[in-house]
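Heads up: the structure comes next, in structure tokens.
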Amino acid sequence: MEIAIARKHSGMFPWEIVVWAFGNMAVWLALWPLVIFDVVPLWLGFLIATVNMSLVYLPTHDAQHDIVARPGQKLRWLNELVGHATTWMIVTPFEVFRVTHLQHHRHTNDPQLDPDITSMASGPINAIWRSIRERQPDGKRTNDYLAAVARAGREDLIPIALFYKLGHVAILCLLAWGGFALEAFFLWWLPYHIAMVYLTFFLSWAPHHPGNEQARYRNTRSWKSALGNIGSMGMQFHIVHHLHPYIPLVRTPAAYREMRPILEARNCRLGKI
Amino acid sequence: MEKLLGLIMAGLPLIFAFGFLVPVIMQGMAAMEWQPPFGLSTFNFALFLGGSLGLLAQVRGRWI
């Protein structure tokens with residue numbers, strides 16, 4: 001029954017996610033000339049860029065799970081394009097996201113093997129602090145990601161990941177010394193860091209908290225977010241994603257509502273939603 | 001190549017400080033019309049502030 005519901009909500013082409021991916025990137029790229037030529041004030045550009053940065057990850061997440069198109073399907077190129085064409089904005093190669101995220105699914109909440117384990121924290125304030133702390137040069141998260149990539153036999157991705165990081169710094173420096181330091185700071189550097197806090201909080205910490213169980217039906221949960229479904233980017237229904245990662249993001253709320261009695265019977269961690 | 005990338009990564013806080021923070025401080029001060037203290041030029045002040053932050057981050061392994 002659970003599988004039948006999951007199948008019912010999967011397999012369709014998620015056009016919303018494709019429009020989201022490229023529309024978001026187009027808006028962010030358009031911000032640069034608009035701000036530089038004073039069409040849009042920098043403070044407004046900063047707000048829009050922060051939203052843009054926060055919106056980058058989820059389309060690539062669907063692509064990581066081959067939801068746009070599976071290997072061998074006609075639109076497979078589009079699945080890969082959604083991933084590769086957009087993750088550079090948040091300074092990580094698509095393949096690194098894919099490999100580490102699949103390891104997260106395989107080893108959810110495992111202190112040794114889950115590359116996202118550093119998101120775990122005792123409460124929301126601690127989660128925000130930890131997200132900032134883990135992005136410092138001595139943070140453990142980068143090492144966990146590199147180790148996950150190595151465990152998957154994809155050491156070839158490590159120099160590419162370093163290249164992305166250095167390329168980001170190089171572009172920021174070139175823009176800054178070219179007279180666009182404030183634009184680089186407020187349209188990319190700061191929005192990126194705010195977005196990473198937001199993404200770690202809502203996509204990693206909140207759906208897994210307290211992150212101390214590893215069983216398939218217990219390692220994530222449903223929960224009611226004060227920011228609603230859009231403000232929490234659909235993560236209230238993250239349990240459905242972990243159980244059936246082939247369901248498109250936009251279909252997880254409907255799948256959850258239909259699946260809820262089954263999840264209850266399986267002793268899942270369900271919030272008041 | 002990997003060794004070179006590793007070396008650059010090791011010195012990234014200082015590279016970031018002098019390559020990015022210094023001009024951000026300079027252009028930020030100019031935009032706010034702030035004058036640097038102690039009769040310093042904006043460039044020297046940005047170099048001092050950005051460089052100090054970068055050096056601290058390089059030594060401590062964290063910015064904050």
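First the proteins, then the strands, lettered A, B, ... as listed; each starts at 1.
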Please test B:I15 against B:I8 for side-chain contact (heavy atoms from CB on, under 4.5 Å), starting from the C-alpha separation and ending with a verdict. CA-CA 8 Å; B:I15 294 169; B:I8 300 171; 3.7 Å; yes
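- Annotation: the span from A:T118 atom OG1 to A:Y145 atom OH amounts to 7.5 Å, rounded to 0.5 Å.
- In this structure, the side chain of A:W28 engages the main chain of A:L187 through a donor-acceptor pair within 3.5 Å.
- No part of A:A170 comes within reach of chain B, as not one of its non-hydrogen atoms sits under 4.5 angstrom from that chain.
- B:L21 does not touch chain A: none of its heavy atoms, backbone or side chain, sits under 4.5 Å away.
- Heavy-atom distances place no part of A:R135 under 4.5 Å from chain B, backbone and side chain included.
- Checked for salt-bridge contact, A:R98 and A:D66 meet the test: a charged N lies under 4.0 Å from a carboxylate O.
- The candidate from A:L166, A:I132, A:L162 with the greatest count of non-hydrogen atom pairs under 4.5 Å with chain B is A:L166.
- Checked for salt-bridge contact, A:R141 and A:D116 meet the test: a charged N lies under 4.0 Å from a carboxylate O.
- Taking B:V22, B:I64, B:L12 one by one and counting their heavy-atom pairs under 4.5 Å with chain A, the maximum is reached by B:I64.
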